Structure formats: structure tokens, C-alpha cells
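See below for the structure under consideration.
For ligands, and for the atoms within them, numbers begin at 1 and follow the listed sequence. Side-chain atoms are counted along with the backbone in the values below, which use heavy atoms only and exclude waters and symmetry mates. This one's a predicted model, so the numbers in the text were calculated from it and none came from an experiment.
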Amino acid sequence: MAHELTLIPGDGIGPEITAVTVDVIKHAGADINWEVVEAGMAALEKYHDPLPQNVIDSIARNKVALKGPLTTPVGKGFRSINVALRKEFELYVNQRPAKTFTGIKSIYFDHIDIIIFRENLEEFYSGIEHYIDSSKTAAETIGIITKRGSERIIRYAFEHARNFDRKKITLVHKANILKFTGGLFLDVGREIAKEYPDIEFSDKIVDNMAMQMVMNPYQFDVVVTTNLFGDILSDLASGLVGGLGLAPGANIGDGIGIFEAVHGSAPDIAGQNVANPCAVILAAVMMLEYIGEKDAARRIEKAVANVIARGTDVTRDINIHSTVGTKEMGAAIIKELDSIE
Ligand code: NAD
């Protein structure tokens, strides 16, 4: 039976790269009926709201969405669409893989394969902040970490490790200084780890973690951490494998997931057929795994890897001399799919 999924083409390069992605998914054999809805600038122009109710209703109904990047309108009064979606659907997991692709220039050329699970709702991203005095010489941000919030992200990371045959989890914190918030997160992690004796568990203080990731990233497999540290470390991890151009991400809650590229709407190159479609294609790979279309996911990931490794049908962000565009790279990935069992 066909999967009913929500598609938000997005702004800027979004429509170009999601169109290619939809074609790639179709050729991989996954049976999907897309419900296409508009958010961002397109929705603002039509409905005077960057996140109209029909988008929320569609995601609530279908439970899974593939989202192109959205331009955040400049000016007061507009909520961040991404933050609004996370809150609306309690998407407490932010999952960001960082994987080496042969053919991508980066500091490390060997096999890096790290998945970072970042808590997505609590701590310094709750928006509880203000100036303490009227002359604005001091400010305060309150970061609340709860046992429930910690349990569900840490458990999600352990379950993922078990289901995807990962061996190790590193919990990252700053419990030596943030004795209560960091301490709570660490204590919860140690308790949950006892339920998963098949998975090696250790913890690292965030500053040491940052250094270790640069010095020896190969020691890491699955990483779980709080919101702010996860934000920073997941970009660091992307940097280890060649930047954001190939970085997919997922925001996941209980029974609901929104999948997208990490990069934005790139207005500087929109409509020129030069954007790299791979980050959103790899986000679709995560989405296909999530909905159980594991074979299509595996084949698409391999096709992307093969095309990048060959280096002839890649966009100019991968090879500066390339004249290959978004559509042509998509076509090369589709052709490659035919040779993958
Ligand atoms: P950006 O990621 O859109 O662009 C940064 C640079 O990377 C630009 O030079 C761009 O051309 C390049 N780039 C990005 N994606 C590319 C691709 N697929 N192929 C080739 N080059 C690519 O970041 P920005 O310029 O800071 O943001 C633009 C808009 O996107 C803003 O309105 C921002 O709020 C929004 N944004 C949205 C999301 C999201 O929806 N998840 C994420 C980040 C930024």
C-alpha cells in the first residue's frame, strides 16, 4: 500500500532539490503519495502566514514529512517555522548523521560514521530569557532539563543503536560545572545504559569531546547530548566530513518525523539549477528508513555515494570546475540506481 506523506517543497532552492528527490525516490521503487503543502515565503505571499494551519493538519494526518528549506521572513512578528514545528509536534529528537563520502574533500578521508542525537526541545532553546535590569546591563537565559526529556532522547539513541547494529554510545555533558542540569542528564543516561548491556556506554565532558572529535573521530559511533552541545557538535561533525552540503537531519517525536537538509534555502543560487540535491536526498534516505522502506533507502544511499565517488556528475559545490546542474546530478543518481541490486 502506498505511503501518504507530506511534502513541503520550501523556498529558494527547495522546489528544485525536492523535485529531484521525489524522482529519485520514485525510481527506487518506494510507493508514495505526496500531499504537497506550502510553507515559508510561498505561504506568506498566498495566505499571509508562513506556517498555515493546513500544513500542520497535513503533517498531523500523515505523521511523516519531507521538508525543503524555508526562508525565515525578516522582521518582527514571524515565529521561526522550524521551532514552531518542533514544538507543535513535540519533536524531541534531532538526528544528524555525519558520514564520509569518497570524493568529497575534507580533513579526514577515511571512514567516519557518527550519528548525533541532540535533545531538541529543552534547555536554552525554550526561549526563557530576559534582561535582569532596566538599563540592560545583565541578561539571563534559563535552561531547564527534565528527567522525562532526558529519558526519551537517551532511550531513543539506545533503541536506534540496537536497531541499526551500532556498538557504542557516548553521552556528552558538562556535569562537572552544570551539576544539576548536566548531572541529571548524565544520571539518567547511566540508569538507562543498564538496560542495554549489549551496547558499550561511556560519557565525555563536552570540551574534551570537541577535542577528541577533531583528534580521533573514529572512536565515536552514536553520540547523545543536550540541546546546545548537540547544536554545536553536530556542525563540528559535518565539518569533519566536508561541510553542510551533504548533511541531512531529522526531527522526530513519538510516531512523527520531519526530514530535511541541514542547509537553508540558498537564495543566492535559487532557480539556477546549480544546487546540490544530495542533502535532501539523504534526508529522504533517513525518512525511508523511518517508514520501513529500508531497501529503497539503502539503494539510494549507495547510488548517491557512487555518483559522488565517480566525480563526473556532481554539482559545482563538490567540484568547482563542474558544469553539471541539479537536474543532471539527479538523473545520474537515477541511472546509477538501475545498477544497484
Ligand atoms: P544557506 O544554507 O541557505 O546558504 C549558505 C551558503 O551555502 C550559500 O552560499 C548557499 O548558496 C550555499 N548552499 C546551501 N545549500 C546548498 C546546496 N544544496 N547546494 C549548493 N550550495 C548550497 O544559509 P543562509 O544563506 O544563512 O540562509 C538562507 C535562508 O535559509 C534564511 O532565510 C535562513 O533562515 C533559512 N534557513 C532555513 C533552514 C531550514 O529550513 N531548515 C536552515 C537554515 C537556514
Atom pairs and distances, side-chain donor-acceptor, residues 143-151, under 3.5 Å, sequence neighbours left out:
unit_1	atom_1	unit_2	atom_2	d
T146	OG1	E122	OE2	2.5
T146	OG1	G149	N	2.8
S150	OG	T146	O	2.8

Just need the protein heavy atom nearest to [atom], so name the residue and atom and give the distance.
atom: atom 9 (O) of ligand 1; answer: D268 OD2, 3.0 Å
atom: atom 34 (O) of ligand 1; answer: T72 OG1, 3.3 Å
atom: atom 12 (C) of ligand 1; answer: A266 CB, 4.4 Å
atom: atom 18 (N) of ligand 1; answer: N276 O, 2.9 Å
atom: atom 41 (N) of ligand 1; answer: E260 OE1, 3.1 Å

Interfacing atoms of ligand 1 (cut-off 4.0 Å, heavy-atom, [X]):
X: T71; result: 32 (O)
X: P69; result: 40 (O)
X: K67; result: 39 (C), 40 (O), 41 (N)

Indicate yes or no for a side-chain donor-acceptor contact from S322 to the backbone of V314 under 3.5 Å, with no hydrogens or angles considered. yes
Has Q272 got a side-chain atom pairing as donor or acceptor with D268's backbone, closer than 3.5 angstrom? yes
Rounded to the nearest 0.5 Å, what separates atom [atom1] in [X] from atom [atom2] in [Y]?
X: I252; Y: R86; atom1: CD1; atom2: CZ; result: 12.5 Å
X: I116; Y: Q95; atom1: CD1; atom2: CD; result: 11.0 Å
X: Q212; Y: N208; atom1: CD; atom2: CG; result: 4.5 Å

Any chance CE of M215 has more than 12 other-residue heavy atoms, nucleotides or ligands included, within less than 6.0 Å? no
Is the CZ atom of F180 crowded by more than 12 outside heavy atoms at less than 6.0 Å? no
Between S234 and R118, does a side chain to side chain donor-acceptor pair (under 3.5 Å) hold up when you go through it step by step? CA-CA 8 Å; S234 56; R118 161 191 171 195; 5.2 Å; no
Quick one: does [atom] have a protein heavy atom under 4.0 Å from it?
atom: atom 39 (C) of ligand 1; result: yes
atom: atom 24 (P) of ligand 1; result: no
atom: atom 27 (O) of ligand 1; result: no

Taking both backbone and side-chain atoms of [X], is any N or O found less than 3.5 Å from an N or O belonging to ligand 1?
X: A275; value: no
X: S265; value: yes
X: G264; value: yes
X: L70; value: yes

Under 4.0 Å, heavy atoms only, figure out whether ligand 1 is touched by the backbone of [X], its side chain, both or neither.
X: I13; result: side chain
X: P267; result: side chain
X: N82; result: side chain

How about I153 and F185: do any of their side-chain heavy atoms sit closer than 4.5 Å? yes
Looking at I269, T315, D11, the heavy atom closest to atom 21 (N) of ligand 1 belongs to I269
Donor on one side chain, acceptor on other, N54 and Y47, under 3.5 Å: no
Apply the test ring pair (Phe, Tyr, Trp, His ring centres under 6.0 Å) to residues Y196 and F201: give CA-CA distance (whole Å), side-chain angles for both, the deciding distance (0.1 Å), then the verdict. CA-CA 9 Å; Y196 297 83; F201 175 77; over 10 Å; no
